Amino acid sequence: MTLEERFDVILAAEDKIEPADWMPDDYRKTLIRQIAQHAHSEIIGMQPEGNWISRAPTLHRKAILMAKVQDEAGHGLYLYSAAETLGVDRDQMQTLLHQGKHKYSSIFNYPTLSWADMGTIGWLVDGAAITNQVMLTRCSYGPYARAMVRICKEESFHQRQGYESLIRLCSGSPEQKAMAQDALNRWWWPSLMMFGPHDTDSTHTEQSMEWKIKRVSNDDLRQQFVDMTVPQADYLGLVVPDRDLRWNEERGHYDFGEIDWEEFWAVVKGNGPMNRDRIEHKVRAWDEGAWVREAALAHAAKKEGAIT
Ligand code: FAQ
């Protein structure tokens, strides 16, 4: 059996490809691209929420938000580790992100303007992330699939805390409910954009599905998310900002309006409302944190010296 045949047999048997296994170069490249983007999204995704830690309305909410942001850092670290098993260096991934050569999710290029944005990010952004990531627990690449199992468990807490926070806001004063509606108005469409372009415009879906990296297409996941989320908005008494949204009895799904693809591509290409700020902040944090990395390395070397 050739190496390529063995690779195909593993995929067909629904087994996992492991780091030491032979894999096609493009399979490796696709995984590095996707896992690095995913890791960067978790790390950049700390910024919009970190922005509210010092302004959380109660100590209870502050503790929850800090734990959530810390979890995102952890997710980034699992994912960088998963990418490293494919032979890419972590510093290299950071450099490519800082130079704008690596992408991260479009969603994190929007500003967080009110406290209701924290609940809405948990509800919608974590909700969309889980919808996408549950299929990735079945990804053919072992280290990525296993990282996803743990990440999904944590994201599910994130989603529920967000929704719970919105239930509280929506049963509060009219001003609080209006704040929640305003947050939904601003985050709904960017959340739908998280699933990527239509299947017909998606460069990678067909091949990634053949390789069992992706198991469900962008449009099917988006539909799943809409079907799950609209009844949740109804329960909150909030209105989804889409005039074309209606239940389609025949399809058994919600029909919904068209995404503003011009806005999507502008954000993906670096021209969204917060792209420049996000990268500037990330580079500054990296530079200012150099002494921490140096100290950690010196400490590790000292400990190693003490052992040998
Ligand atoms: N933003 O051919 P496709 C989170 C790019 S984690 C930016 O369809 P693919 C946790 C795409 O890269 C959220 N770029 O691509 C959290 C490609 O460009 P390239 C992140 C996008 O890979 C919550 C081009 O468009 N999750 O939120 C986007 O097959 C709360 C063509 O697209 C993941 O990364 C986009 N939205 O499918 C943290 C999940 N969509 O690379 C803090 C893993 C597409 O050729 C707070 N990733 N592009 O230059 C995936 O499942 C896939 O990569 C997709 C895109 C579905 C995102």
Side-chain angles (χ1 to χ4, degrees), residues 7 9-21 23 27-46 49 64-88 90 93 103-105 107-108 121-164 191 194-196 204-205 207-218 220-225 227-229 232:
F7 173 84
V9 166
I10 295 174
L11 287 194
E14 294 287 332
D15 282 340
K16 299 292 177 210
I17 305 292
E18 296 297 338
D21 291 334
M23 60 189 86
Y27 176 85
R28 187 185 298 276
K29 275 192 208 146
T30 296
L31 279 167
I32 292 176
R33 176 188 63 80
Q34 181 168 323
I35 302 174
Q37 277 181 17
H38 197 163
H40 298 325
S41 302
E42 300 281 357
I43 298 300
I44 298 285
M46 294 164 74
E49 292 179 306
I64 293 173
L65 189 57
M66 280 172 67
K68 180 178 192 296
V69 173
Q70 190 178 323
D71 280 354
E72 314 299 357
H75 298 174
L77 298 185
Y78 312 150
L79 288 162
Y80 284 129
S81 300
E84 281 181 315
T85 64
L86 291 155
V88 61
R90 194 175 296 211
M93 289 185 270
K103 293 189 167 74
Y104 58 90
S105 182
I107 191 74
F108 302 117
I121 287 180
W123 172 36
L124 298 182
V125 177
D126 285 279
I130 301 168
T131 307
N132 168 278
Q133 286 168 185
V134 165
M135 69 142 179
L136 293 174
T137 62
R138 293 189 294 119
C139 167
S140 57
Y141 188 58
Y144 192 27
R146 289 189 288 274
M148 280 300 121
V149 172
R150 181 159 177 184
I151 290 177
C152 280
K153 285 186 187 157
E154 293 178 357
E155 300 284 30
S156 124
F157 272 110
H158 296 176
Q159 195 271 351
R160 277 180 268 174
Q161 69 77 33
Y163 194 62
E164 189 270 339
S191 299
M194 286 176 72
F195 296 95
H204 305 290
T205 296
Q207 180 63 75
S208 289
M209 287 186 67
E210 220 166 274
W211 278 329
K212 300 187 177 177
I213 293 173
K214 283 167 88 165
R215 312 298 298 241
V216 185
S217 77
N218 298 359
D220 288 349
L221 285 172
R222 190 166 16 242
Q223 180 75 62
Q224 211 174 299
F225 174 74
D227 290 347
M228 174 184 82
T229 311
Q232 296 171 347

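Nothing here was measured: the structure is a model prediction, and the numbers come from that model.
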Open item on the list: Walk me through whether Glu72 and Asp126 qualify under side-chain contact (heavy atoms from CB on, under 4.5 Å).
Closed with: CA-CA 11 Å; Glu72 314 299 357; Asp126 285 279; 4.1 Å; yes
Open item on the list: Between Arg33 and Thr30, does the side-chain contact (heavy atoms from CB on, under 4.5 Å) criterion hold? Intermediate values first, please.
Closed with: CA-CA 5 Å; Arg33 176 188 63 80; Thr30 296; 3.9 Å; yes
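- One distance of note links CE of Met135 with CD1 of Ile130; it measures 14.0 Å at 0.5 Å rounding.
- Nearest heavy-atom pair, Met228 versus Gly127, reported as atom, atom and distance to 0.1 Å: CE-O, 4.2 Å.
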Task: Derivation and outcome, side-chain contact (heavy atoms from CB on, under 4.5 Å), residues Glu49 and Leu65 - done: CA-CA 8 Å; Glu49 292 179 306; Leu65 189 57; 4.1 Å; yes
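- Taking OG of Ser208 as the start and CZ of Arg215 as the end, the distance is 11.5 Å to the nearest 0.5 Å.
- Counting only distance, with no hydrogens or angles, the side chain of Lys212 and the backbone of Cys139 share no donor-acceptor pair below 3.5 Å.
- Counting non-hydrogen atoms of neighbouring residues, nucleotides and ligands closer than 6.0 angstrom, the CE atom of Met66 reaches no more than 12 such neighbours.
- Shown here for Gly122 and Lys68, the closest heavy-atom pair between the two residues is CA-CE, 4.4 Å.
- Remark: Thr205 OG1 to Ile213 CD1 distance equals 11.0 Å, nearest 0.5 Å.
- The side-chain heavy atoms of Ile151 and Asp71, taken from C-beta on, include no pair separated by under 4.5 Å.
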TODO: Show the numbers, then the answer: is there a side-chain contact (heavy atoms from CB on, under 4.5 Å) between Met148 and Tyr144?
DONE: CA-CA 6 Å; Met148 280 300 121; Tyr144 192 27; 3.6 Å; yes
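- When every heavy atom of Ala128 is checked against every heavy atom of Ser191, the shortest pair comes out as CB-O, 4.3 Å.
- In terms of the ring pair (Phe, Tyr, Trp, His ring centres under 6.0 Å) criterion, residue partners of His40 (sequence neighbours excluded) are, by chain and number, Tyr80, His102.
- The two residues Gly76 and Ala39 have their closest heavy-atom pair at O-CB, 3.9 Å.
- Atom CD1 of Ile10 is separated from atom CG of Asp21 by 4.5 Å, given to the nearest 0.5 angstrom.
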- [ ] Let me see the working for Gln223 and Asp227 under side chain to side chain donor-acceptor pair (under 3.5 Å), right down to the final yes or no.
- [x] CA-CA 6 Å; Gln223 180 75 62; Asp227 290 347; 3.0 Å; yes
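- Taking both residues in full, the closest heavy atoms of Glu18 and Pro143 are given as OE1-CD, 3.7 Å, listed atom of the first, atom of the second, then distance.
- Atoms CE and CD, from Met46 and Gln70 in turn, are 8.5 Å apart once rounded to the nearest 0.5 Å.
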Open item on the list: Please determine whether salt bridge (Lys or Arg N to Asp or Glu O under 4.0 Å) holds for the pair Glu155 and Arg150, giving the CA-CA distance in whole Å, both sets of side-chain angles, and the decisive distance to 0.1 Å.
Closed with: CA-CA 9 Å; Glu155 300 284 30; Arg150 181 159 177 184; over 6 Å; no
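- For the atom pair CD1 of Ile44 and CD1 of Ile107, the computed distance is 14.0 Å after rounding to the nearest 0.5 Å.
- Among residues at least two apart or in separate chains, side chain to side chain donor-acceptor pair (under 3.5 Å) pairs with a member in residues 129-138 are His38-Gln133.
- In summary, the side chains of Thr85 and Tyr141 do present a donor paired with an acceptor at a separation below 3.5 Å, with no hydrogens or angles considered.
- Two residues are said to be in side-chain contact when any heavy atoms from C-beta on lie closer than 4.5 Å; Tyr78 and Glu42 fail this criterion.
- With salt bridges taken as basic N to acidic carboxylate O contacts below 4.0 Å, none links Glu154 and Arg160.
- Using a distance-only test at 3.5 Å, with no hydrogens or angles considered, no donor-acceptor pair links the side chain of Gln207 to the main chain of His204.
- Between Phe195 and Phe225, the ring planes are tilted. Angles from 30° to 60° get that label.
- Judged by distance alone, the side chain of Arg222 and the main-chain N or O of Gly196 form a donor-acceptor pair under 3.5 Å.
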- [ ] Report the C-alpha distance between Lys16 and Ser140 in whole Å, list the side-chain angles of each, state the deciding distance to 0.1 Å, and finish with yes or no for side chain to side chain donor-acceptor pair (under 3.5 Å).
- [x] CA-CA 5 Å; Lys16 299 292 177 210; Ser140 57; over 6 Å; no
